[in-house]
Amino acid sequence: MSDLLTLLEVGAPVAAFGGGGAYLRAKHPAAFWCTAGLPISTARLLGTYGSTMEACGLTVQPSRLRALLVQATTRREVRPVPPRRGLIRPTSTGMRVRLRLAPGQEPADVAASAERLRHAWGVHAVYVSEVKPGVVELRLVGFDVLRKVRMPRKTEAGFLKVPVALREDATAYVRDYRTIPHQLTLGATLSGKSMFLRHLVAGLAPQPVALVGIDCKRGVELAPFAPRLSALATDPGQAADLLPVLVRLMEDRYDLIKARQGIAPGTPDEEIASDIWGLPEPERPVPVVIVVDEVAELFMVATRKDEERRDEMVTQLIRLAQLGRAAGIYLEVCGQRFGAELGKGATMLRAQLTGRVCHRVNDEASAKMALGDIAPEAVVAACGIAPERPGLAVAGDTSGGWSRIRTPYLSLADAAAACAASAHLVPDVPALDRFRPVVPAGPTNPPVSLVKPLPVTG
């Protein structure tokens with residue numbers, strides 16, 4: 001009986017601790033990582049570093065001098081040496097450690113063993129990045145950060161830089177228009193594409209940028225942001241009128257750049273500009289970001305007249321994508337479906353859009369159109385996105401790199417409030433004045449209730 005009581009006294013706290021740890025790991029993975037996961041994984045890394053590197057084939061034979069010293073001092077067998085390890089730096093989502101590669105090794109050797117390192121050290125994922133020649137950084141992620149998205153406290157936000165999502169390696173995905181001027185964003189209904197767009201517009205609203213919207217769904221996606229928009233087209237007819245104005249605006253900016261280049265001889269080279277960013281700040285025109293939602297609506301035609309209008313709009317979009325960067329005009333093209341069957345110019349337009357973000361799509365052809373020229377693995381990853389995870393997407397660019405990202409939740413009311421609070425920052429672009437959306441004034445008096453109040457009794 002006493003043995004049974006002793007077993008219960010010892011087992012009950014252990015079971016309670018185990019149950020609490022399982023609950024914490026399932027519901028609050030970040031807290032579990034900081035309290036239990038980080039110490040356990042750190043101990044595994046320190047205790048098995050040499051043997052793990054040897055099992056992964058990341059060790060090399062020591063130098064002849066080191067071998068002689070080992071034999072002379074310890075009389076031990078000379079074993080291969082792993083890459084020199086730096087200090088372990090813990091983070092809220094994992095830890096980082098730098099490795100100095102041995103002669104003959106390359107970062108690809110370590111990246112090929114990332115899955116083995118993940119299992120050996122008991123973490124969710126391991127990512128490898130090159131810091132400088134001969135030095136790589138291992139970013140160990142302790143749990144699935146995309147299950148419940150929490151953006152990092154410090155991000156690379158700045159002018160024309162908007163942190164819109166979280167990468168699977170726990171870093172922020174930043175939409176940088178100066179680096180990637182044009183982007184294609186695809187996603188089926190309820191895939192999270194609209195949430196991505198909300199973060200983008202809300203992040204650009206407080207910046208000195210002209211926002212132009214083309215939303216052929218009668219403006220249901222972009223109309224709530226009307227106080228901050230410099231122009232808005234809500235059907236293909238209005239878009240056909242707006243796009244030529246944007247092309248003329250681009251041409252006027254090129255004339256300004258050429259006039260600056262034609263200044264008197266002897267002017268210092270730093271004063272000669274090849275784009276608007278080389279112009280003096282007082283002369284520099286404001287950047288323009290064009291958001292095109294449901295781009296397929298611009299391609300669809302019903303009559304011969306519509307076909308001619310479609311060809312003109314697509315040609316103007318292609319011209320903006322080809323020449324707009326130097327003029328400070330950037331494209332954000334969004335849609336549910338994008339393929340060569342949309343018509344003439346679709347593939348040519350896609351080729352000018354450097355950035356690619358593909359949410360869950362309804363067919364493999366759309367995923368191939370967005371990511372097929374980047375990497376086949378990216379297409380497979382995009383087709384495997386589950387409907388239960390809205391906001392999850394595959395992001396990449398034409399350089400070949402790609403990663404999974406997920407956008408945090410942002411309500412339409414909060415995004416619209418951010419645009420309304422920044423309405424005074426709408427820049428003065430006279431060419432777009434006639435396309436400025438009309439913002440209805442809010443109600444001055446509270447609405448009258450139709451419910452008859454109860455009589456007051458003494």
Side-chain angles (χ1 to χ4, degrees), residues 151 157 159-165 174-177 182-187 189-239 241-243 245-246 249 286-295 297-298 317 320 328-336 355 357 359 390-391 407-429 431-443:
M151 294 294 290
F159 183 50
L160 289 176
K161 292 182 179 181
V162 182
V164 292
V174 180
R175 178 71 177 94
D176 186 356
Y177 287 93
H182 312 304
Q183 180 168 280
L184 174 64
T185 303
L186 296 182
T189 303
L190 300 178
S191 65
K193 175 174 59 67
S194 299
M195 200 71 62
F196 185 92
L197 196 59
R198 291 176 195 173
H199 277 275
L200 196 61
V201 175
L204 290 172
Q207 301 187 23
V209 177
L211 298 177
V212 175
I214 299 177
D215 181 7
C216 292
K217 293 193 303 184
R218 299 296 179 183
V220 295
E221 290 288 348
L222 299 180
F225 313 133
R228 185 57 181 85
L229 297 181
S230 298
L232 177 63
T234 58
D235 58 56
Q238 295 179 3
D241 296 333
L242 174 59
L243 285 172
V245 174
L246 294 171
L249 179 65
V286 65
V288 179
V289 177
I290 305 172
V291 180
V292 182
D293 192 40
E294 291 305 333
V295 65
E297 290 292 324
L298 299 180
L317 274 177
L320 290 171
I329 298 177
Y330 308 103
L331 279 177
E332 195 76 29
V333 179
C334 308
Q336 298 184 28
V357 174
H359 295 77
T407 310
Y409 177 76
L410 177 65
S411 68
L412 181 60
D414 291 340
C419 291
S422 306
H424 63 285
L425 297 177
V426 176
D428 182 21
V429 184
L432 302 178
D433 285 346
R434 65 189 181 99
F435 300 99
R436 180 81 182 271
V438 178
V439 181

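Start at 1 with the first residue, then count along the sequence. Bear in mind the structure is a predicted one, so any value in this text is a computation, not a measurement.
Here the closest heavy-atom approach between residue Ser230 and residue Val426 is recorded as OG-CG1, 3.6 Å. Shortest non-hydrogen contact noted between Leu425 and Ala205 is CD1-O, 3.9 Å. Heavy atoms only, all atoms of each residue included: Pro224 and Ala416 are closest at O-CB, 3.6 Å. Closest approach of Pro236 to Cys216, counting heavy atoms only: N-SG, 3.8 Å. Nearest approach of Glu221 to Ser194, heavy atoms of both residues: OE2-OG, 3.1 Å. The two residues Ala415 and Leu410 come nearest to each other via the heavy atoms CB-CD2, 4.0 Å.
Looking only at side-chain heavy atoms (C-beta outward), Glu294 and Gln336 come within less than 4.5 Å of each other. Contact check for Pro163 versus Met151: side-chain heavy atoms found under the 4.5 Å cut-off. Between Tyr177 and Val209, the closest side-chain pair of non-hydrogen atoms is not below 4.5 Å. Leu243 is listed as a side-chain neighbour of Leu317, based on a closest heavy-atom distance under 4.5 Å. Between Glu332 and Leu200 the shortest side-chain heavy-atom distance falls below 4.5 Å. At least one side-chain heavy atom of Cys334 sits under 4.5 Å from a side-chain heavy atom of Leu197. The shortest distance between side-chain heavy atoms of Val212 and Leu229 does not fall below 4.5 Å. Side-chain contact between Leu246 and Ile329: absent, with no pair of heavy atoms (C-beta onward) separated by less than 4.5 Å.
The residue from Arg218, Lys193, Arg198 that alone fulfils the salt bridge (charged side-chain N to carboxylate O under 4.0 Å, His left out) condition with Asp293 is Lys193. A side-chain contact (heavy atoms from CB on, under 4.5 Å) with Val162 is found for one member of Leu204, Asp176, Val201 and no other, namely Leu204.
Checked for salt-bridge contact, Arg434 and Asp241 miss the test: no charged N lies under 4.0 Å from a carboxylate O.
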Show, in sequence, the C-alpha distance, side-chain angles and deciding distance for Leu211 and Val291, and conclude whether the side-chain contact (heavy atoms from CB on, under 4.5 Å) test is met. CA-CA 8 Å; Leu211 298 177; Val291 180; 5.6 Å; no

For Phe225 and Leu232, what are the C-alpha separation, side-chain angles and deciding distance, and is it a side-chain contact (heavy atoms from CB on, under 4.5 Å)? CA-CA 10 Å; Phe225 313 133; Leu232 177 63; over 6 Å; no

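Classification of the Phe196-His359 ring pair by plane angle, with boundaries at 30° and 60°, yields perpendicular.
By the neighbour-count criterion of 12 heavy atoms within 6.0 Å, atom CG of Leu190 is sparsely surrounded, having that number or fewer from other residues, nucleotides or ligands.
With Arg228 contributing its side chain and Ala420 its backbone, the two residues share no donor-acceptor pair below 3.5 Å. Checking side-chain atoms of Asp215 against main-chain N and O of Val220 turns up a donor-acceptor pair under 3.5 Å. Proximity of a side-chain donor or acceptor of Gln207 to a complementary backbone N or O of Leu160 within less than 3.5 Å is detected.
Atom CG in Leu432 sits 7.0 Å away from atom CG in Leu242 (nearest 0.5 Å). For the atom pair Leu298 CG and Ile214 CD1, the distance stands at 6.5 Å (nearest 0.5 Å). Cys419 contributes atom SG, which lies 11.0 Å from atom CG of Asp414 (distance to the nearest 0.5 angstrom).
For Gln183 and Tyr330, the side-chain atoms include no donor-acceptor pair closer than 3.5 Å.
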